[in-house]
Every structure is written in C-alpha cells, then in structure tokens.
Amino acid sequence: EKKPLGERQGKKIKRIISDEECEWIVNELGKLHPHIVDRNDKRRQEWLEGCGGNHDSLLDSVISTMLSQNTTDANSKAGFRKLKERFPTWSQVLQEVKCASSLEAVEDCIRVAG
C-alpha cells in the first residue's frame, strides 16, 4: 500500500512510497552510515534502561507510560502485563483492532489500569 509522504509548504507531495521501499531506504542508509545506526541503537538502549529496563522496545515504554496515567503503578503494570500476555507483539494488537468488530479484547486486557 502506497502512502503520501506528506505536505510541504501547503502543497501535497505527488510522489508516493510504499512501506517496503521506505524500509529498504532506511536499511541502505544504515549500510552507508553504520556509525549513526550504532549511536541510535545505543541511545535507544540507554533510554530503555532509564525506564527501568522492563521493556523490549520504545513502543513498550510509550504504551506502558500511557497506561500509567491516573492510576497506581501496580494497576498500570498489571494492565501492561495482561496486554503483552494476550498480544505478545504490537502487530498482533494492530491486527486485532483491524479485524475485530470491537476493541473488546484489548479493552479487557487494560481495564485494570483504569
């Protein structure tokens, strides 16, 4: 599926790029500039460790932070744990949301978080 790159100075960019093309470009740029990839990997790891080291990805940390709003640590951690047990990857959550007629399965997992 091709998506528009965005808008520039109020004009839509006519050129479009697929997810696969974007991934290929990022990988090729990484080969040209491995020091940038290494530096970013190090920054990500430091950031994750700064969040308590409990998460495998930045998205894990973001979702966990969102679940922690206006609730106790115990409740937010329980909600996150249930969500990851039911949906080990974020792709699975996305697939559930796209295919299900409701968000009930996701809501059931995070209900304890408030």
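- Around atom CD of Glu28, more than 12 heavy atoms belonging to other residues, nucleotides or ligands sit under 6.0 Å away.
- Side-chain heavy atoms closer than 4.5 Å link hydrophobic residues (I, L, V, M, F, W, Y) into clusters, and following such links, even through other members, never connects Leu103 to Val112.
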- request: Would you check, one step at a time, whether the test side-chain contact (heavy atoms from CB on, under 4.5 Å) holds for Lys84 with Phe80?
  value: CA-CA 6 Å; Lys84 290 298 278 188; Phe80 184 80; 3.6 Å; yes
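- Legend: residues meeting side chain to side chain contact (heavy atoms under 4.5 Å, CB included) with Asp41, ordered by chain and number and at least two apart, are Val37, Arg44.
- In terms of the salt bridge (Lys or Arg N to Asp or Glu O under 4.0 Å) criterion, Asp38 has no residue partners (sequence neighbours excluded).
- Between the side chain of Ser68 and the backbone N or O of Thr65, at least one donor-acceptor pair lies under 3.5 Å.
- With rounding to the nearest 0.5 Å, the separation of CZ in Arg81 from SG in Cys109 is 11.5 Å.
- For Glu104, the side-chain hydrogen bond (donor to acceptor under 3.5 Å, both in side chains) test picks out no residue, with sequence neighbours left out.
- Partners of Asp73 under the salt bridge (Lys or Arg N to Asp or Glu O under 4.0 Å) rule, at least two apart in sequence or in another chain, do not exist in this structure.
- In the hydrophobic clustering of ILVMFWY residues, with side-chain heavy atoms under 4.5 Å counting as a link, Leu67 and Phe87 come out together.
- Checked against side-chain hydrogen bond (donor to acceptor under 3.5 Å, both in side chains), Asn40 has no partners two or more places apart in sequence or in another chain.
- Following chains of ILVMFWY side-chain contacts shorter than 4.5 Å, one can reach Leu59 starting from Ile110, so the two form part of one hydrophobic cluster.
- Grouping the Ile, Leu, Val, Met, Phe, Trp and Tyr side chains by contacts below 4.5 angstrom, directly or via other members, places Leu83 with Met66.
- Of all heavy-atom pairs spanning Ser76 and Ala113, the tightest one is CA-CB, 4.1 Å.
- Under the 4.5 Å side-chain contact rule for hydrophobic residues, Leu94 and Val62 do not share a cluster.
- Within the structure, side chain to side chain donor-acceptor pair (under 3.5 Å) contacts touching residues 85-94 (residues at least two apart or in different chains) are Asp60-Trp90, Thr89-Gln92.
- The closest donor-acceptor contact from the side chain of Asn27 to the backbone of Glu23 lies under 3.5 Å.
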